[in-house]
Amino acid sequence: MRIATWNINSIRARVDRAVDFLERADVDVLALQETKCKPEQFPFAPFEAAGYEVAAWGLNQWNGVAIASRVGLEDVREGFTAQPAFGKTGDPVVEARALGARCAGVDVWSLYVPHGRALDDPHYAYKLEWLEKLRLDAVGWLEVDPTAQVALLGDWNVAPFDTDVWDMAVFEGQTHVSAPERAAFNSFADAGYTEVSRQFIPDERRYTYWDYQQLRFPKNEVLRIDFAYTSPVLTGRVTGVTIDRDERKGKGASDHVPVILDLAD
DNA sequence: ATGGTCGACGCTCGA
């Protein structure tokens, strides 16, 4: 089985790329982030024509997560327990940043971790709380069933190592590289999860995100921020991980590329 | 040529 994660940066702008990718890469389950639409706007038909069921959650033009599967899609969960809310003005809202579903016995989570914006921005505290609450849930699932097969897939908006950014000098005092963010990210490993993309691709300069600004793709000014944590039993099934850099090429590319996990049957 | 991006509910916001 192959499962993948991809921050698609608008599913409506890139549905053809998404379905082409599923077929070309022979992917069974795809976790999508930044779909940027409500379910009633989601282009389900091309996925269904290709043989995939889709669960989608979105509240407005921001955020949005979805899971496409051709191996079953059960027990869909919008958000996790105690997922924090955020609102710059007005009442805080639980944003569409986490969607879970069971696909062929694997609890797949599509995660779009808050960006943080700046170290002194309320969004940064929100990001840290969001990760902590997710960790508590992830720990709880393994307490209930230590053999649970859980995949925490998505855009984590954290660069865990200095070599995950093209130039640390540029990131001095910025989000994505701060010690609290890195500690929050690493706490999932303390909880028994393994970040398998690093395990299988330990090489430096294997990036997943090239900002559109400042010609960062041709200049290779990039980040590694898309990751896949797997629970112990699922980690034992992972036979390989691929970062599909080619998906950043050409007209109409997302600014992120897919990360693909191969699982033994 | 010393700049240069996208996507969305877009005269602006978020990444």
So, is A/Arg14 near the phosphate of B/dC6, with a side-chain N or O under 4.0 Å from OP1 or OP2? no
For A/Arg77, what residues pass the salt bridge (charged side-chain N to carboxylate O under 4.0 Å, His left out) criterion, not counting sequence neighbours? A/Asp75, A/Asp107
Measure from the side chain of A/Arg97, starting at C-beta and using heavy atoms only, and say which of B/dA15, B/dC9, B/dA8 lies closest. B/dA15
B/dC9 and B/dG14, which share atom name C1', separated by this distance in whole Å: 14 Å
What are the atom names and distances for every N/O pair under 3.5 Å that joins the protein to nucleotides 2-5 of chain B?
| unit_1 | atom_1 | unit_2 | atom_2 | d |
| --- | --- | --- | --- | --- |
| B/dT5 | O4' | A/Tyr212 | O | 2.8 |

May I ask you to say whether A/Asp203 pairs ionically with A/Arg198, meaning some side-chain N is under 4.0 Å from a carboxylate O? no
Say we look at B/dG3 and B/dA8: how far apart would their C1' atoms be, to the nearest angstrom? 25 Å
So does A/Gln61 get a side-chain nitrogen or oxygen closer than 4.0 Å to the phosphate oxygens (OP1/OP2) of B/dG14? no
Here the residues of residues 112-120 of chain A within 4.0 Å heavy-atom distance, strictly under, of DNA chain B are A/Tyr112, A/His115, A/Arg117
Quickly work out the A/His123 NE2 to B/dC13 P distance and round it to whole Å. 15 Å
Under 4.0 Å, counting only non-hydrogen atoms across every strand here, what does A/Gln33 touch: a base, just sugar-phosphate, or nothing? nothing
Interatomic distance where CD belongs to A/Glu34 and P belongs to B/dG7 [whole Å]: 12 Å
Taking A/Arg24 first and then A/Glu247, would you say they form a salt bridge - that is, a charged N and a carboxylate O separated by under 4.0 Å? yes
Nucleotide nearest A/Ser10 (side chain, heavy atoms from C-beta), chosen from B/dA8, B/dA15, B/dC9: B/dA8
Using the P atom as the point on both nucleotides, what is the distance between B/dG7 and B/dT2, in whole Å? 25 Å
Mind checking A/Lys251 for me? I need base, sugar-phosphate or nothing, with any heavy atom below 4.0 Å counting as a touch. nothing
Whole-Å distance separating the CD atom of A/Glu221 from the C1' atom of B/dA15: 16 Å
Is A/Arg12 near enough to B/dC9 that one of its side-chain N or O atoms lies under 4.0 angstrom from OP1 or OP2? yes
Which residues pass the salt bridge (charged side-chain N to carboxylate O under 4.0 Å, His left out) test with A/Glu53, sequence neighbours left out? none
Rounded C1' spacing from B/dA15 to B/dG10 in Å: 15 Å
For residues 62-74 of chain A, pull every pair meeting salt bridge (Lys or Arg N to Asp or Glu O under 4.0 Å), keeping only residues two or more places apart or in separate chains. A/Asp26-A/Arg70, A/Asp28-A/Arg70
Whole-Å distance separating the CG atom of A/Asp226 from the P atom of B/dA15: 15 Å
Note: A/Arg17-A/Asp20 ion pair, threshold 4.0 Å (strictly below): no
Contacts table for residues 178-189 of chain A: side-chain donor-acceptor under 3.5 angstrom, sequence neighbours left out:
| unit_1 | atom_1 | unit_2 | atom_2 | d |
| --- | --- | --- | --- | --- |
| A/Ser178 | OG | A/Tyr124 | OH | 2.7 |
| A/Ser178 | OG | A/Glu181 | N | 3.4 |
| A/Ser178 | OG | A/Glu181 | OE1 | 2.5 |
| A/Glu181 | OE1 | A/His176 | N | 3.0 |
| A/Glu181 | OE1 | A/Ser178 | N | 3.4 |
| A/Glu181 | OE2 | A/Lys127 | NZ | 2.5 |
| A/Glu181 | OE2 | A/His176 | N | 2.7 |
| A/Arg182 | NE | A/Ala159 | O | 2.8 |
| A/Arg182 | NE | A/Pro160 | O | 3.1 |
| A/Arg182 | NE | A/Val177 | O | 3.4 |
| A/Arg182 | NH1 | A/Asp162 | OD1 | 2.9 |
| A/Arg182 | NH2 | A/Ala159 | O | 3.3 |
| A/Arg182 | NH2 | A/Phe161 | O | 3.4 |
| A/Arg182 | NH2 | A/Asp162 | OD1 | 3.0 |
| A/Asn186 | ND2 | A/Arg182 | O | 3.1 |
| A/Ser187 | OG | A/Ala184 | O | 2.7 |

Looking only at non-hydrogen atoms, find the nearest pair between A/Ala101 and A/Val76 and report the distance. CB-CG2, 4.1 Å
Working to the nearest 0.5 angstrom, can you tell me the gap between A/Leu223 CG and A/Asp164 CG? 8.5 Å
